[in-house]
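Scroll down for the structure; my scribbles are underneath it.
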2 protein chains.
Amino acid sequence: MASDHTRSAILAAAERLYADRGFGDVTLRDIVAEANVNLAAVNYHFGSKDELIAELFVTRSIATNRERLRELKAAEEAGGGRAPIEVILRALVGPTLRGCLGPENQRSTAARFMIRASIESVPPIRRIKNREIDHLRKFAGAMRRSLPDRSDVDIYWGLNFALAMAHHTIRESERLTKLSEGQCDLDDVEDVVARVVSVATMALTMAKAETKAPSRLAAR
Amino acid sequence: MASDHTRSAILAAAERLYADRGFGDVTLRDIVAEANVNLAAVNYHFGSKDELIAELFVTRSIATNRERLRELKAAEEAGGGRAPIEVILRALVGPTLRGCLGPENQRSTAARFMIRASIESVPPIRRIKNREIDHLRKFAGAMRRSLPDRSDVDIYWGLNFALAMAHHTIRESERLTKLSEGQCDLDDVEDVVARVVSVATMALTMAKAETKAPSRLAAR
DNA sequence: TTGCAATTCAAACACTTGTATGAAACTATC
DNA sequence: GATAGTTTCATACAAGTGTTTGAATTGCAA
């Protein structure tokens, strides 16, 4: 089998470095140094830097999507085709939050890599990313089944806001800690998950009577 | 005064390009081409590329912060020291959303540049960014005055979520449009503002009884 | 006009990037 | 153990980056 030691060493090193420092300032030379392999190995095994990134993203994307869907599926079957909205939202944002926040040694390289990918949107990833929309559509479907009275538009907005809160909290966790002078405990991941899920649930279940009322109350 | 035509042409071109394409793939040569000036002009007038970016960011940061605070101040004075939470939130997220969404010709280069800066977090900007925390603290103060019964932690989380929804919606507007197949109308900016403000208000005013309840309902 | 400082310009520099090359080392099959 | 195919390696390459240089040009004061 030729022991693809080099190949997987490159993949692991690349994922770790990208997760830690972003795509912007990680060079092939950084990666091969971290992986203890020769510079040319990347092009030999993957063809190009972009193809390395693409493979990394595709692999992780499939894995985490399958993981999330499994959780969702289980919840829906347990509820006879309908899962409570909180459970759906928890399946959507829980894994990512748990993988990116909390005690350092419990964080998942994969989750952090995926967050980077969703943030920086480098060309090779942007080309593939449509896949994620189909994935989100499945969640939207489950949400619709869970809340048959809400309009599609409201469902999509709720989904959007849930992802917004989760991703932004991950991205800006340092700023929130600093702003709150440590009062917001981002190491208590389950509390963070609960907060995000709670607000997203409210967004999806509360009446929106006064939503459109004072259009420009504060417009100067 | 020597007619700083070149200087301001560079600033304008850089801001426009950065706003459109991000810091990642805009080179000095792109900027000077857009500004119709010589390549060396950037280093002559600003010292370095990083100092150009820093000046751009500082200028815009001061301006938009002053703008937002003016709106906030006015609202608080009109309410005798306390402004309704909706108005505060609207002052926080309204200008940015209006500047980045809506009809193309109404979008603001400044707002789009600031969003890029808050997303990509390039080194010269990261060094200055502490300033923004002080700015957010002022909003947190107003929110605390508006909702004296809420804990500081809840205030900070509400602030965090409001910014999360606004920024994420801007960043991922294209995806939301695609996901909802056009049903979510991101050109109707006032509707977007209303939705963000509405959810953030709920997050800040609703009781949080069940928040901490089912910690790992869906954990496999 | 003359002189001097500020500005512009074309060109080159030093450096980093991803990629390509061809020889060397290794591995497995006969 | 010789041989063919795979993998590794040091090195070079071409392109792009921000920056520097020193001469040309401009604008303004004496």
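Chain A is the first sequence line, chain B the second, and so forth, proteins listed ahead of strands; every chain is numbered from 1.
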- Query: Taking CD1 from A:Ile31 and P from C:dT19, how many angstroms apart are they, rounded to a whole number?
  - Reply: 11 Å

- Message: If I take atom CG in residue A:Asp4 and atom P in nucleotide D:dT6, what distance separates them, rounded to the nearest angstrom?
- Response: 16 Å

- Please step through side chain to side chain contact (heavy atoms under 4.5 Å, CB included) for the pair A:Thr96 and A:Leu163, ending with a clear verdict. CA-CA 10 Å; A:Thr96 304; A:Leu163 289 174; over 6 Å; no

- List in chain and number order the residues that pass side chain to side chain donor-acceptor pair (under 3.5 Å) with A:Gln183, two or more places apart in sequence or in another chain; answer none if no residue qualifies. none

- Nucleotide C:dC15, atom C1' - distance to CG of B:Leu28 in whole Å: 15 Å

- For DNA chain C, find the residues of residues 122-129 of chain A with a heavy-atom distance under 4.0 Å and give them by number; none if there aren't any. none

- Which of residues 43-54 of chain B have a heavy atom under 4.0 Å from DNA chain D? B:Asn43, B:Ser48, B:Lys49

- Note on the structure: side chain to side chain contact (heavy atoms under 4.5 Å, CB included) with B:Val192: of B:Val93, B:Leu176, B:Leu101, only one passes, and it is B:Leu101

- Heavy-atom nearest pair, B:Ile85 first then B:Met143, reads CD1-CG, 3.8 Å

- Message: What's the separation between atom NZ in A:Lys73 and atom CZ in A:Arg66, rounded to the nearest 0.5 Å?
- Response: 13.5 Å

- Message: Measure NE2/A:His5 against P/C:dT27 and give the value in whole Å, please.
- Response: 12 Å

- Message: Does either side chain, that of A:Arg137 or that of A:Tyr156, offer a donor lying less than 3.5 Å from an acceptor on the other one?
- Response: no

Please produce a list of atom pairs where a protein N or O lies less than 3.5 Å from an N or O of nucleotides 10-14 of chain C.
residue	atom	partner	partner atom	Å
C:dA10	OP2	B:Asn38	ND2	3.4

- Message: Test of understanding: with side chain to side chain donor-acceptor pair (under 3.5 Å), list the residues that count as partners of B:Arg126, not counting sequence neighbours.
- Response: B:Ser121

- Any A:Leu11 side-chain heavy atom under 4.5 Å of A:Thr59 side chain: no

- Looking at B:Glu55 and B:Arg7, does any basic side-chain N land under 4.0 Å from a carboxylate oxygen? yes

- Item | Pairs flagged by ring-ring contact (aromatic ring centres under 6.0 Å, His included) wherever residues 90-135 of chain A is involved - sequence neighbours left out | A:Phe23-A:Phe113, A:His135-A:Phe139

- D:dT7 OP1/OP2 closer than 4.0 Å to side-chain N/O of A:Thr6: no

- Query: Would you call B:Glu67 and B:Arg70 a salt bridge, using N to O less than 4.0 angstrom?
  - Reply: yes

